[in-house]
Amino acid sequence: MSLAELVDSANGFIWSIPLVGLCLVAGVYFTVRTGLVQVLGIPDMIRQLTKGEKSQDGTSSFQSLMMSLANRVGMGNIGGVATAIAFGGPGAVFWMWAVAFFGAATSFIESTLGQIYKEKDPDTGEYRGGPAYYFEKAYAHKARTLSLVYAIVFAVVTVFAMSFFLPGVQANGMSSAIESAWGVPTWATAIGVVIALAFIVIGGVKRIASFAAFVVPPMAILYILFALVVFFVNIDQVGHVFGEIFSGAFGGHAVYGAIIGQAVKWGVQRGIYSNEAGQGTGPHHAAAAEVSHPAKQGFVQAFAVYIDTLFVCTATAFIIISTDMYTVFQGETFGDETLYVGGVGTDTEPGPGFVQAGFDTLAPGWGSSFVALALVFFAFTTMVAYYYMAEVNLAYLTRKIRNGVVRRGMIRALQALILVSVAYGATTTAGSAWGLGDIGVGTMAWLNILGILLLQVPALKALKDYHAQKKQGIDPQFDPRELGIEGAQFWEQRADGLVTQGAPGDPAESSADPRR
């Protein structure tokens with residue numbers, strides 16, 4: 001069996017019907033358990049983004065959101081949407097919406113857990129957290145060995161997924177879009193990206209957060225604005241677009257009715273790849289933020305899912321469907337997948353080329369350049385965020401090692417690995433890159449969703465406590481001992497005044513609990 005066949009086989013096994021169902025069912029379940037937090041919590045989401053805490057040790061809620069969006073908004077929003085539509089028909093877009101809406105509740109749970117069980121790195125002073133941390137700590141008092149083993153497995157999987165499996169997809173999309181728009185060889189793009197990425201990742205989490213906050217908002221806004229231009233130029237296609245999406249989603253379309261299963265599969269798979277709800281990436285960024293209550297950052301990360309899928313992915317889908325650039329000849333194959341749709345079409349393989357062709361119908365030549373430029377920023381910031389999560393999990397695995405030289409050496413090895421992955425991904429085929437990426441996403445999703453279904457109680461207690469304090473008219477402060485939550489040592493020390501919040505000398509950001 002060749003390497004490509006092995007990758008395809010592993011991908012098919014991981015992204016089978018059980019995982020697709022698990023993602024959707026978990027989202028519906030958490031929506032019910034949280035009392036529709038993704039809708040009723042919108043005011044809290046906005047409030048935390050505009051008035052969130054800041055400190056010298058952690059990032060602000062806004063910076064944390066930008067880091068999260070830097071991770072979410074990437075190839076999945078452009079190339080991922082294109083492949084979902086190509087393989088599952090326009091109906092896949094509906095299932096991307098569905099997994100985003102319900103996944104926002106899942107994101108709240110996992111991100112709140114990330115905050116509850118975060119730590120302060122003794123070497124850098126930065127906050128660290130994520131699934132590995134909450135898997136170990138949540139039930140350490142009941143099943144220490146099992147919790148630790150599960151946490152280590154997740155951390156190891158995440159290190160390799162974020163440094164080897166996933167970066168290649170972003171690099172591949174960027175290099176192919178640049179080559180299509182400007183004729184730059186993929187090897188040249190690979191060299192440029194590796195140099196730029198090395199400069200950013202060596203700077204640590206503060207530089208990553210600052211870079212993401214500076215780059216992500218203007219690029220995402222600009223992309224959506226350009227998509228709106230296409231929308232208004234093709235406004236007569238609005239009914240057609242939504243008709244294709246809904247008829248394809250439920251099997252009512254003459255062509256797509258036979259592949260409703262593909263619509264669900266590809267919609268959920270690419271939806272999770274894009275918005276990452278339940279994958280376990282959001283908690284890493286959530287844990288880095290400075291907040292007075294874990295639920296606050298849960299709201300912020302839930303909002304990130306909306307921005308990613310309901311805005312950016314929808315903009316991409318409209319461009320592709322309204323201009324008919326997703327259509328290809330029936331029966332054409334891409335890797336081991338068969339493209340079932342038929343129509344006017346384009347000879348471009350599924351990916352950024354669909355979007356470039358769509359933009360070119362409005363501004364010939366300029367459309368390809370704009371998408372290439374967008375992908376340069378989107379994909380690059382995503383690769384930066386991938387590295388951050390890989391480093392967080394490596395820090396978890398090595399935090400008991402007291403030899404600073406050894407730890408720094410392992411960090412340098414990790415940086416070298418992601419740079420090699422980026423160089424390889426930029427020069428390989430799209431099919432190979434996506435196959436490896438899907439393996440990384442799927443494996444993390446399996447481990448994280450099953451884990452948070454077992455560990456959900458502390459997050460639900462935190463949400464209830466947050467609402468109870470809000471009703472009392474006070475800014476929610478968190479003490480896990482009052483809620484019977486064990487293993488949250490950081491918050492225990494903070495409640496006792498041993499950990500301060502905010503910039504030194506800033507009384508507004510004191511860690512004192514007003515209930516004490």
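These figures come from a predicted structure and were not determined experimentally. Just so it is clear, the values below take in all heavy atoms, side chains as well, and ignore hydrogens, waters and symmetry mates.
Dense packing is recorded around OH of Tyr306, with more than 12 heavy atoms of other residues, nucleotides or ligands lying under 6.0 Å away. The environment of CZ in Phe370 is crowded: more than 12 heavy-atom neighbours from other residues, nucleotides or ligands sit within 6.0 Å. No more than 12 heavy atoms of other residues, nucleotides or ligands lie within 6.0 Å of OH in Tyr424, so this atom counts as exposed by the packing criterion. The environment of CZ in Phe101 is crowded: more than 12 heavy-atom neighbours from other residues, nucleotides or ligands sit within 6.0 Å.
For the residue pair Gln301 and Ser107, no side-chain donor N or O sits within less than 3.5 Å of a side-chain acceptor on the partner. No hydrogens or angles considered: nothing links the side chains of Gln269 and Tyr273 as a donor-acceptor pair under 3.5 Å. Donor-acceptor pairing under 3.5 Å is lacking for the side chains of Thr106 and Tyr29. Of the N and O atoms on the side chains of Asp44 and Gln48, not one donor lies less than 3.5 Å from an acceptor on the other residue.
Two residues are said to be in side-chain contact when any heavy atoms from C-beta on lie closer than 4.5 Å; Thr314 and Val93 fail this criterion. Taking 4.5 Å as the limit, some side-chain heavy atom of Ser322 sits within range of a side-chain heavy atom of Val230. Taking 4.5 Å as the limit, some side-chain heavy atom of His293 sits within range of a side-chain heavy atom of Asp465. In this structure, Gln489 and Glu119 have side chains that are not in contact, with every pair of non-hydrogen atoms separated by 4.5 Å or more. Inter-residue side-chain proximity for Ser421 and Ser163 is flagged as unmet; no heavy-atom pair is nearer than 4.5 Å. Inter-residue side-chain proximity for Tyr388 and Glu391 is flagged as unmet; no heavy-atom pair is nearer than 4.5 Å. Residues Phe154 and Asn393 form a side-chain contact, since some pair of their non-hydrogen atoms from C-beta on lies under 4.5 Å apart. You'll find the side chain of Leu460 stays beyond 4.5 Å of the side chain of Phe30, heavy atoms only.
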Legend entry - Arg399 vs Glu136, salt bridge (charged side-chain N to carboxylate O under 4.0 Å, His left out): CA-CA, chis, key distance, verdict: CA-CA 13 Å; Arg399 70 194 193 284; Glu136 177 186 341; 2.6 Å; yes
Inset, instruction - Please step through side-chain contact (heavy atoms from CB on, under 4.5 Å) for the pair Tyr223 and Val355, ending with a clear verdict. - result: CA-CA 11 Å; Tyr223 183 81; Val355 188; 3.8 Å; yes
Legend entry - Leu419/Met383 under side-chain contact (heavy atoms from CB on, under 4.5 Å): CA gap, chis, key distance, verdict: CA-CA 10 Å; Leu419 294 177; Met383 287 186 286; over 6 Å; no
Inset, instruction - Go through the steps for Leu463 and Lys461 under the test side-chain contact (heavy atoms from CB on, under 4.5 Å), then give the verdict. - result: CA-CA 5 Å; Leu463 177 61; Lys461 286 183 176 180; over 6 Å; no
Inset, instruction - Output, in order, the C-alpha distance, side-chain angles, deciding distance and verdict of side-chain contact (heavy atoms from CB on, under 4.5 Å) for Phe135 and Asn448. - result: CA-CA 9 Å; Phe135 287 148; Asn448 185 61; 3.9 Å; yes
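Between Phe108 and Phe299, a ring centre-to-centre spacing shorter than 6.0 Å is recorded. Note: Phe94 and Phe246 meet the aromatic proximity criterion, with ring centroids under 6.0 Å apart. Checked against the 6.0 Å centroid criterion, the rings of Tyr466 and Phe478 do not qualify as a close aromatic pair. The aromatic ring centres of Tyr396 and Tyr133 sit less than 6.0 Å apart. Two rings, from Phe490 and Tyr127, have their centers less than 6.0 Å apart.
Taken to the nearest 0.5 Å, the SG atom of Cys313 stands 4.0 Å off from the CG atom of Asn77. Atom CG of Leu447 and atom CD of Gln279 lie 11.0 Å apart (nearest 0.5 Å). Separation of atoms OG (Ser16) and NZ (Lys265) is listed at 9.5 Å; rounding is to 0.5 Å. Atoms OG1 and CZ, from Thr323 and Phe354 in turn, are 10.0 Å apart once rounded to the nearest 0.5 Å. Taking CD1 of Ile85 as the reference point, atom CD1 of Ile320 lies at 4.5 Å (rounded to 0.5 Å). Taking CD1 of Ile449 as the start and CD of Glu110 as the end, the distance is 8.0 Å to the nearest 0.5 Å.
A salt bridge does not link Asp475 to Lys470: none of the charged nitrogens lies less than 4.0 Å from a carboxylate oxygen. Remark: Lys296 does not engage Glu290 in a salt bridge, criterion side-chain N to carboxylate O under 4.0 Å.
Of all heavy-atom pairs spanning Thr428 and Asn172, the tightest one is O-ND2, 2.8 Å. The two residues Gly451 and Tyr150 have their closest heavy-atom pair at N-OH, 3.9 Å. The two residues Gly27 and Ala105 come nearest to each other via the heavy atoms O-CB, 4.2 Å. For the pair Pro18 and Trp446, the tightest heavy-atom approach, listed with the atom from each and the gap, is CB-CH2, 3.8 Å. Shortest non-hydrogen contact noted between Gly440 and Ala161 is CA-CB, 3.9 Å. Shown here for Gly425 and Ala171, the closest heavy-atom pair between the two residues is C-CB, 4.2 Å.
A side-chain donor-acceptor contact under 3.5 Å links Gln469 to the backbone of Gln477. Under the 3.5 Å distance criterion, the side-chain polar atoms of Thr112 are left unmatched by any main-chain donor or acceptor of Ala295. Using a distance-only test at 3.5 Å, with no hydrogens or angles considered, a donor-acceptor pair links the side chain of Gln170 to the main chain of Met75. Between the side chain of Asp8 and the main chain of Gly435, no donor-acceptor pair closer than 3.5 Å is present. Looking only at distances, no side-chain donor or acceptor of Asn275 sits under 3.5 Å from a matching main-chain atom of Val305. Distance alone, capped at 3.5 Å, is enough to place a donor-acceptor pair between the Ser175 side chain and the Ala426 backbone. Side-chain atoms of Gln115 never come within 3.5 Å of backbone atoms of Gln297 as a donor-acceptor pair (strictly under, hydrogens ignored). The main-chain N or O of Leu146 is never found under 3.5 Å from a side-chain atom of Tyr139 such that the two would form a donor-acceptor pair. In this structure, Trp95 contributes its side chain and Ala249 its backbone to a donor-acceptor pair below 3.5 Å. Side-chain atoms of Trp266 never come within 3.5 Å of backbone atoms of Thr83 as a donor-acceptor pair (strictly under, hydrogens ignored).
A cation-pi contact, defined as under 6.0 Å to the ring centre and within 45° of the axis, is absent between Lys137 and Tyr117.
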